[in-house]
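Letters A, B, ... are given to chains in the order of the sequence lines, protein chains preceding strands, and every chain is numbered from 1.
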There are 4 protein chains.
Amino acid sequence: MPEREPDSTPPRRRSERARTAVLNATAALIEEVPYPRLTIEAIAARAGVGKQTIYRWWPSRGAIVFDSLLERSGGADASLPDSGDLQADLSAFLRASADEMASPSTGAFLRAVTVEILQDDGVAQQYRDRLLTPQRSAVRRRLAVSQDAGMLRDDLDLDVLVECLLGPLVGRWLLGPGPLEVDFADAVVDVALRGAIR
Amino acid sequence: MPEREPDSTPPRRRSERARTAVLNATAALIEEVPYPRLTIEAIAARAGVGKQTIYRWWPSRGAIVFDSLLERSGGADASLPDSGDLQADLSAFLRASADEMASPSTGAFLRAVTVEILQDDGVAQQYRDRLLTPQRSAVRRRLAVSQDAGMLRDDLDLDVLVECLLGPLVGRWLLGPGPLEVDFADAVVDVALRGAIR
Amino acid sequence: MPEREPDSTPPRRRSERARTAVLNATAALIEEVPYPRLTIEAIAARAGVGKQTIYRWWPSRGAIVFDSLLERSGGADASLPDSGDLQADLSAFLRASADEMASPSTGAFLRAVTVEILQDDGVAQQYRDRLLTPQRSAVRRRLAVSQDAGMLRDDLDLDVLVECLLGPLVGRWLLGPGPLEVDFADAVVDVALRGAIR
Amino acid sequence: MPEREPDSTPPRRRSERARTAVLNATAALIEEVPYPRLTIEAIAARAGVGKQTIYRWWPSRGAIVFDSLLERSGGADASLPDSGDLQADLSAFLRASADEMASPSTGAFLRAVTVEILQDDGVAQQYRDRLLTPQRSAVRRRLAVSQDAGMLRDDLDLDVLVECLLGPLVGRWLLGPGPLEVDFADAVVDVALRGAIR
DNA sequence: TCGTAAACGAGACGGTACGTCATGTCTTCTG
DNA sequence: CAGAAGACATGACGTACCGTCTCGTTTACGA
């Protein structure tokens, strides 16, 4: 999606100015207008860029939106601290995630990207590879440390545990009754680690 | 969303034939064409119905899609059995849910509805009220029985536990690495009930 | 070109309002803007009409321009008076023609139509059938009266004579050095009738 | 239009290779594609030349087309023979002209140039100066010889007579009902010289 | 003989117009 | 009079070219 790496001639003279203008315009519009109004024409106009420039470098609106998201959260280093207290570390991470998802600006972005993911496998794959997998790997690594230290059940599939931690946040954000609040993160960590059975 | 009960004229002579034809055409198209091709014109043509008839009775494409989903899964009585074995009951329920989400036909439908939910608060509200809340309430009722019987921690917020059970499925279905498989349901129930700590 | 008489269904519900607006807008623009700026979009905007309405009823810009010309010169009854004096009748007719061709508004129209004729055989055919042939026939009929009366050489091909009268005007209008003036019409009639040889 | 003689810097290092390639590509395309497809980009691609090279040396598409026409008919020495028989000399000349206009390749070229003349006064002026005036002067000189010899009426404006000879050809070529045939040339000469009156 | 300045090929840029498609409204005709 | 048919105004779509503007590369002086 970005940079059209595959095939033929690598485009040598792409204008960084135009690329940045498009991604910024997209980010701005995502928060300003309802998603169906985020048209290619609107992006081109807002960016002061020709439509052809957009069509030349991006295959679809979804790709632009995703690139724009990458640009804004690109530097995010996905790794959890290890304070020794697993529950505290997970809570901190999930609270931060919940906070971000609940913020109006990131929220609009995530909603937009999700719409694209649901309709475009290419975007879905990119999202998984570039954002989701790194995030989940980071969580998984932190869990593995604790498991190796004997603090987690040995028979546990860590990938499942990761889902049990992050899934509820996604579910609540996407459909969940009521808004996504930070306390929810703590409660999820509590259930996932200690279980529900008395 | 349907029947537009509020305001103006109560629609006295609505044609049941047209209504059914529209919902069926929508259901058929959802599985046949990519979602952006599910246009109002395509639905009207497929249903053999005038566009105005659609605009008269539904406020948006999302509303049609949602009504169509309601129609197909309307009879589904959302309640869990109580065999006495909570884990078994939850596993059975989650496996059935996972199965349905993974099926191609229901999957396409859910994807479509999710796209609409993300862009249309009206659809989101309807979805919550008519499908989600009943489902979650059913799970919650089953959990409450066990909690009353002293089998679950008293300090537990059952709504959170419901999310911890269903959220991972949603997360996996929506973004998760790899497909949603039935074993995953068992693993989730295991973690949510027993916890991860050794 | 107009009314798409041939084929399939006669379009019964065409909006006369839209049709007239398009033709008027075209006529106005032809005099106001250079011809390459006479775009379909400009016509649609000026006429307050959707582009699709234009594409539905006209196959090309040329067709619109020609229809617009027809509309404005539609009522023109192409027939020459017969005062008994052939030379006077022809002079009067050619002077009127020259006058019209030299006028700024008709001139712009004729230039536009000529451009289209040169690039679109359909328009060329229409132009011949609807405007040119009637005009030339009218001249020819007047000549035939004189020939029957023995006032013109019997061995003369009247079609050629018609061209010898009208052709010089066209040539002068199109390319001719200097503007087309009314005296020129008299001179042409003089040469065509009396010849150049002493 | 060509060589941009006036003003500022005389272009000293213009590539003759590029110039020829452009004119040849234009000539080839004129016969191969409909005129609206004769784009600058198509010419540049066909000629293996950068667009900027074209814009550097020609101000418009019309200028290129005209230069291309000049190049192909440049050597044509516009002068009529004087065999003593005016009618024969004129007939020969007009037949040759008619022949050329009727040929498919010259025809396409003339049509293209005419389109440009109608829309671009610069091209029109160039066409008059470089091609039309020399041709008409040649005819006029031949007529003057005969007039001086007393073979033509003294009161005759020779410029008008020239138009009466060439105009009908132009008219027939441009609009005329039916194709332009060589016999037509003879008939025109006959009328113009002898007149129509018995 | 070798800079050096121009013209060159290539092609990206900000744009306009194209012709098509879908929208949501409106009008006309039919059952 | 509800509903089908479909014309209407609007405006986004993706494509083709426009004319301008760099890029590096030849090419032909003139120092």
Side-chain angles (χ1 to χ4, degrees), chain A residues 9 11-19 21 36-45 47-57 59-61, chain B residues 11-15 17-19 21 36-45 47-61, chain C residues 9 11-19 21 36-45 47-57 59-61, chain D residues 9 11-19 21 36-45 47-61:
Chain A
T9 29
R12 287 164 320 190
R13 296 218 302 276
R14 177 169 187 178
S15 155
E16 177 59 22
R17 198 190 63 62
R19 186 183 148 275
R37 301 277 306 274
L38 185 74
T39 63
I40 302 273
E41 303 218 319
I43 295 172
V49 139
K51 281 198 296 172
Q52 191 53 45
T53 299
I54 295 183
Y55 287 114
R56 187 153 32 227
W57 299 112
S60 68
R61 187 184 61 165
Chain B
R12 285 166 320 195
R13 294 229 295 272
R14 176 167 189 181
S15 154
R17 196 193 64 63
R19 185 183 149 276
R37 301 280 304 276
L38 185 73
T39 61
I40 302 274
E41 302 221 316
I43 295 172
V49 141
K51 280 200 295 174
Q52 194 54 44
T53 299
I54 294 183
Y55 284 109
R56 182 149 37 224
W57 300 111
W58 288 273
S60 68
R61 186 183 62 164
Chain C
T9 29
R12 287 165 318 191
R13 299 221 297 275
R14 177 168 189 177
S15 155
E16 178 59 22
R17 194 191 64 64
R19 186 184 147 274
R37 302 280 306 275
L38 185 73
T39 61
I40 302 272
E41 302 218 319
I43 295 172
V49 141
K51 281 201 294 175
Q52 195 56 48
T53 298
I54 295 183
Y55 285 111
R56 182 152 38 226
W57 300 113
S60 67
R61 186 183 62 164
Chain D
T9 28
R12 286 166 321 195
R13 296 222 297 277
R14 176 169 188 178
S15 155
E16 177 60 22
R17 195 192 63 65
R19 186 184 149 275
R37 301 280 305 272
L38 186 73
T39 62
I40 303 274
E41 303 220 317
I43 295 172
V49 140
K51 281 200 294 175
Q52 194 55 48
T53 299
I54 294 183
Y55 285 110
R56 182 150 39 226
W57 300 113
W58 288 274
S60 68
R61 185 183 63 164

Nearest-nucleotide 5' precedence on DNA chain E, A:Ala44 against B:Lys51: A:Ala44
5′-ward residue of the pair B:Gln52/A:Gln52 relative to DNA chain E: A:Gln52
Presence of C:Arg56 side-chain N/O under 4.0 Å of F:dC8 phosphate oxygens OP1/OP2: yes
Between P of E:dT16 and CG of C:Leu38, the distance in whole Å: 18 Å
Non-hydrogen side-chain atoms of D:Tyr55 and D:Ile40 separated by less than 4.5 Å: yes
Distance below 4.0 Å between A:Arg19 side-chain N/O and E:dA12 OP1 or OP2: no
Length of the line joining B:Arg61:CZ and E:dT23:C1', which is rounded to integer Å: 12 Å
B:Arg19 side chain near B:Trp58 side chain, heavy-atom distance below 4.5 Å: yes
Whole-Å distance separating the CD atom of D:Glu16 from the P atom of F:dA28: 13 Å
Length of the line joining D:Arg37:CZ and F:dA16:P, which is rounded to integer Å: 9 Å
B:Arg17 side chain near F:dA4 phosphate (N/O to OP1/OP2, under 4.0 Å): yes
Nearest-nucleotide pick for A:Thr53, side chain only, options being F:dT15, E:dC8, E:dC13: E:dC13
For atom CD1 of B:Ile40 and atom C1' of F:dA5, their distance in whole Å: 17 Å
d(CD1, C:Ile43; P, E:dA17) in whole Å: 12 Å
Nearest-neighbour nucleotide for the D:Ala18 side chain, E:dG9, E:dC13, E:dA22 considered: E:dG9
Given E:dC8, F:dC8, E:dC18, the nucleotide with the shortest approach to the side chain of C:Arg14: F:dC8
Closest nucleotide among F:dG3, F:dA12, F:dG19 to the B:Trp57 side chain: F:dG3
B:Tyr55 side-chain proximity, nearest of E:dG24, E:dC8, E:dA17: E:dG24
Euclidean distance, C:Ile43 CD1 relative to C:Leu38 CG, rounded to 0.5 Å: 4.5 Å
Distance (rounded to the nearest 0.5 Å) between D:Arg56 CZ and D:Thr53 OG1: 5.0 Å
Approximate separation, where rounding is to 0.5 Å, of A:Ile54 CD1 and A:Arg61 CZ: 12.0 Å
Rounded distance in Å - CD (A:Glu41) to C1' (E:dG14): 14 Å
